[in-house]
S.K.: 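So that we are looking at the same thing, I have put the structure below in structure tokens.
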Protein chains: 2
Amino acid sequence: MSGVSQSTVSRVLSGHPNVSAKTRAAVTEILNQTGFVPNASARAMRTQRSRSIGVVVSTPVNLYGLEVMGQVHEHVARHGLRLSVWLADVDGNAPDALQALRERSVDGLIYTAAVDHMPELEADINAGAPIVLMGRTVRGVATDTVAGANAQGGRRVADYLIQHGRRDIAWVGGRAFSPGREIEQGFRNRLASLGAPIDESRVVYGDLFYASGEAAVEQLWNSKSKPDTIFCANDLVAYGVLDAARKSNIRVPEDLWVIGYNNIPISGWAAYDLTTVYQPIADMARVSVELLLQRIEGKQGPSPQRRRLEGKLIVRGSTAHAPHESS
Amino acid sequence: MSGVSQSTVSRVLSGHPNVSAKTRAAVTEILNQTGFVPNASARAMRTQRSRSIGVVVSTPVNLYGLEVMGQVHEHVARHGLRLSVWLADVDGNAPDALQALRERSVDGLIYTAAVDHMPELEADINAGAPIVLMGRTVRGVATDTVAGANAQGGRRVADYLIQHGRRDIAWVGGRAFSPGREIEQGFRNRLASLGAPIDESRVVYGDLFYASGEAAVEQLWNSKSKPDTIFCANDLVAYGVLDAARKSNIRVPEDLWVIGYNNIPISGWAAYDLTTVYQPIADMARVSVELLLQRIEGKQGPSPQRRRLEGKLIVRGSTAHAPHESS
DNA sequence: CTGAAAGCGCTTACAG
DNA sequence: CTGAAAGCGCTTACAG
């Protein structure tokens with residue numbers, strides 16, 4: 001140390017008030033000259049904080065995961081924290097992420113790939129590990145959860161379709177995917193209460209990738225009861241549906257209406273021009289990061305938070321209706 | 001410590017050979033019972049290694065960045081390392097990533113968003129910081145660089161187009177984007193040497209997002225010399241071109257051929273069915289991680305490596321030609 | 001094969 | 001306002 005003690009340098013570095021202006025200036029000067037940068041591991045060991053949080057995203061076949069990661073990064077960076085990333089396997093597991101949390105490489109985790117029945121994840125959460133679930137719900141797990149208002153989104157689409165006279169409605173979803181299940185429930189219930197319950201022969205379950213949409217069209221068109229509308233649990237599947245329709249010369253929207261869910265940017269491109277439900281990912285990321293930081297500080301409330309953020313129906317060409325009708 | 005010394009536990013944890021079988025078994029037993037997990041910061045401080053590396057990717061508007069991140073994650077995880085992520089700003093800068101490297105939060109960096117003239121990045125590299133450039137080249141920077149064989153890709157496309165009788169060829173590129181510049185150079189040179197130099201009125205520069213493709217079509221169609229082919233520096237721009245053509249009732253491939261670069265998954269979807277040049281991202285990620293780890297170990301050679309990995313032309317419907325002609 | 005001890009580089013009461 | 005000292009939790013020569 002050129003002149004002063006280690007303690008004083010540390011106080012300058014951390015902006016601690018107990019340093020005289022002239023000492024501070026002198027130390028800052030030398031810091032700049034030497035280009036000294038404090039060691040993060042040492043600070044982390046001493047403070048018991050890595051200043052880093054992790055995010056677990058689904059396998060990036062689904063472009064939605066990219067949006068999620070970008071928004072989480074944005075809000076993590078805003079709090080001066082670093083972001084580590086793990087890609088979950090197809091079952092949503094990311095053991096390396098949990099291990100990193102246990103060994104305090106990260107201070108907390110935002111988990112966006114959860115499904116039901118994840119024993120390792122649930123054990124860590126029950127042991128008090130700071131983990132926030134984002135975008136997915138898991139039954140019986142006692143931690144903060146931030147998700148879209150999916151049932152409400154499903155009801156909104158049901159209202160829209162019935163209002164515009166659609167009756168032969170198909171649903172393409174996935175069983176393991178909690179947002180899809182919630183959308184489906186809201187959608188089914190509202191259709192039923194409007195006197196137009198869904199015909200089970202028009203319900204198809206798949207893995208929610210692009211190819212599932214193509215497969216769904218083939219299955220629905222080979223059945224007796226062709227639909228006039230297909231509502232898909234995510235946009236990616238809807239693109240598969242639209243492309244299959246294109247290949248089979250099924251005209252959209254004249255012969256078939258198609259609706260997706262998420263409103264990823266591709267849905268605005270002319271090739272798809274997809275009516276879909278916007279998800280407020282930026283808000284979900286913001287709230288998730290805030291709740292996680294509170295949990296890391298030990299400031300969470302007695303019972304876990306369950307936040308539901310509302311989306312919005314975005315009407316585009318895949319369901320075009322007469323312009324005087326409001327959406 | 002129940003029974004043995006801290007040193008022995010540490011040796012068991014690290015798999016050090018100097019532990020008797022029965023001691024090892026006893027310690028392992030207790031470790032499992034108590035669920036003890038060693039603290040990563042303490043290990044990092046002692047070993048001077050964070051076991052974590054960072055990747056800097058471009059703003060994720062471009063889906064290509066997602067693929068890159070996924071592949072880098074794959075290879076980083078394979079080496080038992082953690083991955084931190086930073087999104088670069090529009091100019092390719094990521095000061096937080098450089099800071100994290102300086103304070104040893106990460107052991108090294110894979111930089112995929114570099115452009116020319118990045119003083120901070122170059123200063124760190126010249127000071128010996130372990131940074132590998134991936135997918136982009138920067139003039140005069142002395143570190144390992146792993147990129148696609150872009151000039152060769154450009155030549156390959158030139159050969160293909162001339163071979164199939166295309167003559168009124170347009171190029172849509174970007175000035176700050178090194179792969180684009182290299183593709184352009186290979187493309188131009190080969191066209192010239194085949195006696196069909198590009199007409200400068202058919203060259204358009206933009207920022208290489210979707211909207212640039214739409215803008216390019218508008219500009220080219222308002223000029224005197226409409227092209228019969230548009231070659232784009234990346235797939236995203238090509239989608240913009242294809243959608244603009246769709247809106248203007250320009251038929252592809254009858255009236256216009258369109259070619260992209262990268263072969264991201266969307267290019268295989270029926271809506272675009274885009275002829276493009278495949279980039280071996282997985283290999284680029286593998287080589288980048290290997291070179292970075294060598295550099296972290298101080299085992300790099302005297303002069304920086306410049307690797308070029310070859311891609312491959314993927315012919316699809318956006319340039320359909322008679323089936324008997326080979327691609 | 002095992003243990004006692006030093007030290008990685010910080011931060012933070014504590015004493016002055 | 002400043003400094004000396006302790007301690008965060010590991011790993012690794014060193015001695016036996």
S.K.: Considering every strand and a 4.0 Å limit on heavy-atom distances, what is the contact class for A:S41: base, sugar-phosphate, or nothing?
M.R.: nothing

S.K.: Base, sugar-phosphate alone, or nothing: which one does A:S20 contact when heavy atoms must sit under 4.0 Å apart?
M.R.: sugar-phosphate

S.K.: Starting from C1' on D:dG7, measure out to CZ on A:R43 and report it in whole angstrom.
M.R.: 18 Å

S.K.: Return the value, rounded to whole Å, for the distance between atom CZ of B:R46 and atom C1' of C:dC8.
M.R.: 6 Å

S.K.: Given D:dC1, C:dC1, D:dT12, which nucleotide is nearest the side-chain atoms of A:T23?
M.R.: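 It is D:dC1.
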
S.K.: CZ of B:R51 versus C1' of D:dC10: gap in Å, rounded?
M.R.: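 Interatomic distance, CZ of B:R51 to C1' of D:dC10: 14 Å.
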
S.K.: Of A:A40 and B:R24, whose nearest nucleotide on DNA chain C comes first from the 5' end?
M.R.: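 Comparing both residues, the 5'-ward one is B:R24.
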
S.K.: May I have the distance from B:Q6 (atom CD) to D:dC8 (atom C1'), rounded to whole angstrom?
M.R.: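 It is 12 Å, rounded to the nearest whole Å.
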
S.K.: Paired with C:dC1: which nucleotide, if any, by Watson-Crick or G-U wobble criteria at under 3.5 Å for both distances?
M.R.: D:dG16

S.K.: Are OP1 or OP2 of C:dT11 and a side-chain N or O of A:S10 less than 4.0 angstrom apart?
M.R.: yes

S.K.: Could you tell me whether A:D107 and A:R82 have a side-chain N and a carboxylate O separated by less than 4.0 Å?
M.R.: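 A:R82 and A:D107: not salt-bridged.
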
S.K.: Is there, by distance only and without an angle test, a donor paired with an acceptor across the side chain of A:R11 and the base of D:dG3 below 3.5 Å?
M.R.: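 Answer is yes: a donor-acceptor pair is held.
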
S.K.: Is it true that B:E182 and B:R139 have a side-chain N and a carboxylate O under 4.0 angstrom from each other?
M.R.: no

S.K.: Less than 4.5 Å apart, any side-chain heavy atom of A:L292 and any of A:P130?
M.R.: yes

S.K.: Tell me whether the OP1 or OP2 atom of C:dG9 has a side-chain N or O from B:Q48 closer than 4.0 Å.
M.R.: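 Indeed, a polar side-chain atom of B:Q48 lies that close.
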
S.K.: State, without any angle test, whether A:Q294 and A:E290 hold a side-chain donor-acceptor pair at a distance under 3.5 Å.
M.R.: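 Their side chains do not contain a donor-acceptor pair, so the 3.5 Å distance test is not met.
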
S.K.: Under 4.0 angstrom, heavy atoms only, what part of the nucleic acid is A:N39 near: base, sugar-phosphate, or nothing?
M.R.: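 It contacts sugar-phosphate atoms only.
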
S.K.: Tell me: CG of B:L13 to C1' of D:dC10, nearest whole Å?
M.R.: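 One finds 10 Å between C1' of D:dC10 and CG of B:L13, rounded.
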
S.K.: Please check if the side chain of B:T112 supplies one atom and the backbone of B:V56 the other of a donor-acceptor pair under 3.5 Å.
M.R.: yes

S.K.: With a 4.0 Å limit, can you tell me whether A:T8 has a side-chain N or O closer than that to the phosphate oxygens OP1/OP2 of D:dG3?
M.R.: yes

S.K.: Taking the side chain of B:N18 as heavy atoms from C-beta outward, which of C:dT2, D:dA6, D:dA4 is closest to it?
M.R.: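 Nucleotide nearest to B:N18's side chain: C:dT2.
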
S.K.: Just the rounded figure in Å: distance from P of D:dT11 to CD of A:E103.
M.R.: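 Nearest whole value for this atom pair: 11 Å.
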
